[in-house]
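This report refers to the structure that appears directly beneath it.
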Amino acid sequence: MPNAKLQNYLHLHFLVFIAGFTAILGELISIGSSALVWYRMLIAGILMYLYIKLFKLNINVSAKTKLKFYGAGVIIALHWITFFEAINQSNVSITLAMFSTGAFFASFIEPLIYKRKIIWYEILFGLIVILGVFLITQSEIQYLNGILLGISSALFSTLFAVINGRFIEQYSATTISFYEFISGVFFLSLFIMIFNDGFSVEFFTLSVNDWIYIFILASICTAYAFIGSVKVMRYISPYTVVLTYNLEPIYGIALALLLFPKTETMSTQFYYGAFLVLATVLADGFLKYRKSNKKHNAVSNKPN
């Protein structure tokens with residue numbers, strides 16, 4: 001049993017590493033962000049469909065539920081577009097530092113959707129996050145577009161996560177993800193036809209490296225990561241999973257520094273700001289984890 005638990009913890013950290021590696025692939029892939037996300041969602045959707053057929057999973061839901069999933073699919077598509085465009089406009093380190101502001105947005109979005117009170121320390125942490133972002137912006141003002149896109153990406157990501165938290169209470173992650181990928185591809189197809197040059201020959205003419213990186217992104221970093229995270233949550237508490245996923249920016253920034261030292265080495269003030277943001281995110285997750293454990297222990301120790 002201890003070995004099985006250890007294996008699941010290692011698997012969880014591998015999934016977090018994969019999440020951080022997504023930003024590295026965004027730096028390596030040469031095509032535009034909208035095309036990149038279109039390919040990612042299309043290939044991931046096809047792989048998810050094959051997985052559903054292979055294991056004969058039932059994904060039938062009502063038309064009303066499908067519409068909800070489709071709306072969430074548009075939100076995740078917007079998150080990915082702004083995420084990869086932030087990398088294009090700045091770099092991996094700035095994008096991931098800004099992505100960490102999602103915890104700040106969650107402190108306001110969660111109470112609205114779940115109708116709970118705002119926790120006092122979330123407000124304090126939010127102010128610290130704002131200070132961290134201010135330090136980063138002051139030191140890297142030349143990347144302002146990337147900073148704003150990164151913050152937008154964090155907002156879309158948080159909104160998506162909170163909405164999906166509602167869905168997962170009733171439906172499987174595979175069912176949810178499949179319909180979200182379908183709607184994402186449809187939305188992006190319209191976006192590309194209206195605002196880009198459409199589906200020209202050049203759109204489908206990619207380098208060998210781009211095809212390889214996109215397939216890794218869609219298969220390992222998307223389809224596998226979605227399914228793997230659900231499997232891990234069967235053995236590890238959701239709070240531990242959420243807390244561990246807060247390490248994603250740290251893994252990603254460390255990888256970026258290792259692989260792209262010339263473009264990813266930032267000013268000292270950037271690292272002060274990034275440390276404030278990341279430390280706040282980890283502290284928030286830790287406090288929530290402790291609070292949950294206390295509540296769980298109180299219920300467990302309650303006399304029958």
Side-chain angles (χ1 to χ4, degrees), residues 12 15-16 19 37 40-41 44-45 48-49 51-52 57-83 99-119 122-123 125-126 151-188 222-223 225-246 248 281 284-285 287-289 291-293 295-296 299:
L12 174 59
L15 291 171
V16 178
V37 178
R40 178 184 190 175
M41 299 191 85
M48 194 73 78
Y49 178 77
Y51 175 80
I52 290 166
L57 303 177
N58 181 14
I59 60 168
N60 290 326
V61 293
S62 67
K64 185 179 178 181
T65 302
K66 284 181 184 178
L67 285 175
K68 292 179 181 178
F69 292 162
Y70 292 159
V74 172
I75 293 172
I76 192 63
L78 290 170
H79 155 59
W80 281 335
I81 288 175
T82 50
F83 180 79
F99 183 67
S100 301
T101 61
F104 167 66
F105 291 121
S107 66
F108 294 99
I109 294 174
E110 278 188 13
L112 286 173
I113 292 182
Y114 288 95
K115 293 180 172 57
R116 67 164 175 83
K117 292 181 179 179
I118 295 176
I119 302 170
E122 289 182 337
I123 302 297
F125 286 165
I151 293 173
S152 300
S153 177
L155 175 59
F156 286 127
S157 174
T158 303
L159 186 59
F160 173 76
V162 174
I163 291 172
N164 254 20
R166 283 291 196 190
F167 293 158
I168 205 70
E169 293 171 1
Q170 301 180 57
Y171 308 98
S172 73
T174 305
T175 301
I176 297 167
S177 303
F178 177 69
Y179 288 114
E180 287 172 347
F181 291 156
I182 288 175
S183 65
V185 172
F186 181 75
F187 166 74
L188 285 167
T222 307
F226 268 68
I227 295 168
S229 61
V230 175
K231 184 179 178 182
V232 162
M233 288 181 74
R234 292 176 184 169
Y235 304 97
I236 301 174
S237 73
Y239 298 96
T240 303
V241 173
V242 171
L243 182 64
T244 307
Y245 260 96
N246 287 331
E248 175 190 341
V281 170
D284 179 64
L287 286 175
K288 282 186 170 63
Y289 178 68
K291 187 177 179 181
S292 171
N293 266 358
K295 190 181 290 186
H296 175 74
V299 171

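Given the structure is predicted, the values throughout are model-derived calculations rather than measurements.
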What pairs with [X] under side-chain contact (heavy atoms from CB on, under 4.5 Å), at least two apart in sequence or on another chain?
{"X": "T175", "answer": "I59, V61, F69, S172, Y179"}
{"X": "I109", "answer": "F105, I113, L155, T158, L159, V162"}
{"X": "A161", "answer": "none"}
{"X": "S100", "answer": "P249, V277, L278, V281"}

Which atom names give the shortest non-hydrogen contact between [X] and [Y], and what distance separates them?
{"X": "A72", "Y": "F167", "answer": "CB-CE1, 3.8 Å"}
{"X": "S183", "Y": "G73", "answer": "OG-CA, 3.3 Å"}
{"X": "A44", "Y": "A223", "answer": "O-CB, 4.3 Å"}
{"X": "V16", "Y": "E248", "answer": "CG1-N, 3.6 Å"}
{"X": "G102", "Y": "A154", "answer": "N-CB, 3.7 Å"}

Point to revise | Flag for Y51-T174: side-chain donor and acceptor within less than 3.5 Å | key: no

Review point. Residues two or more places apart in sequence or in another chain: which of them pass side chain to side chain donor-acceptor pair (under 3.5 Å) with T222?
Key: R40

Check your understanding: Taking T82 for the side chain and H79 for the main chain, is one N or O donor matched with an acceptor at less than 3.5 Å?
Key -> yes

Practice item. Would you check if the side chain of S157 reaches a backbone N or O of S153 as a donor-acceptor pair within less than 3.5 Å? Key: no

Rounded to the nearest 0.5 Å, what separates atom [atom1] in [X] from atom [atom2] in [Y]?
{"X": "N164", "Y": "I176", "atom1": "CG", "atom2": "CD1", "value": "5.5 Å"}
{"X": "F187", "Y": "L78", "atom1": "CZ", "atom2": "CG", "value": "4.5 Å"}
{"X": "S152", "Y": "F99", "atom1": "OG", "atom2": "CZ", "value": "12.5 Å"}

Point to revise | pair M41-F186: side-chain heavy atoms closer than 4.5 Å | key: no

Check your understanding: Taking C-beta and beyond as the side chain, do K68 and Y171 meet within less than 4.5 Å on heavy atoms?
Key -> no

Exercise for review: Step by step, work out the side chain to side chain contact (heavy atoms under 4.5 Å, CB included) result for T65 and Q170.
Suggested key: CA-CA 11 Å; T65 302; Q170 301 180 57; over 6 Å; no

Point to revise | Test ring-ring contact (aromatic ring centres under 6.0 Å, His included) applied to F160 - qualifying residues, sequence neighbours left out | key: none

Review point. Near Y49 OH, under 6.0 Å, is it more than 12 heavy atoms from other residues, nucleotides or ligands?
Key: no

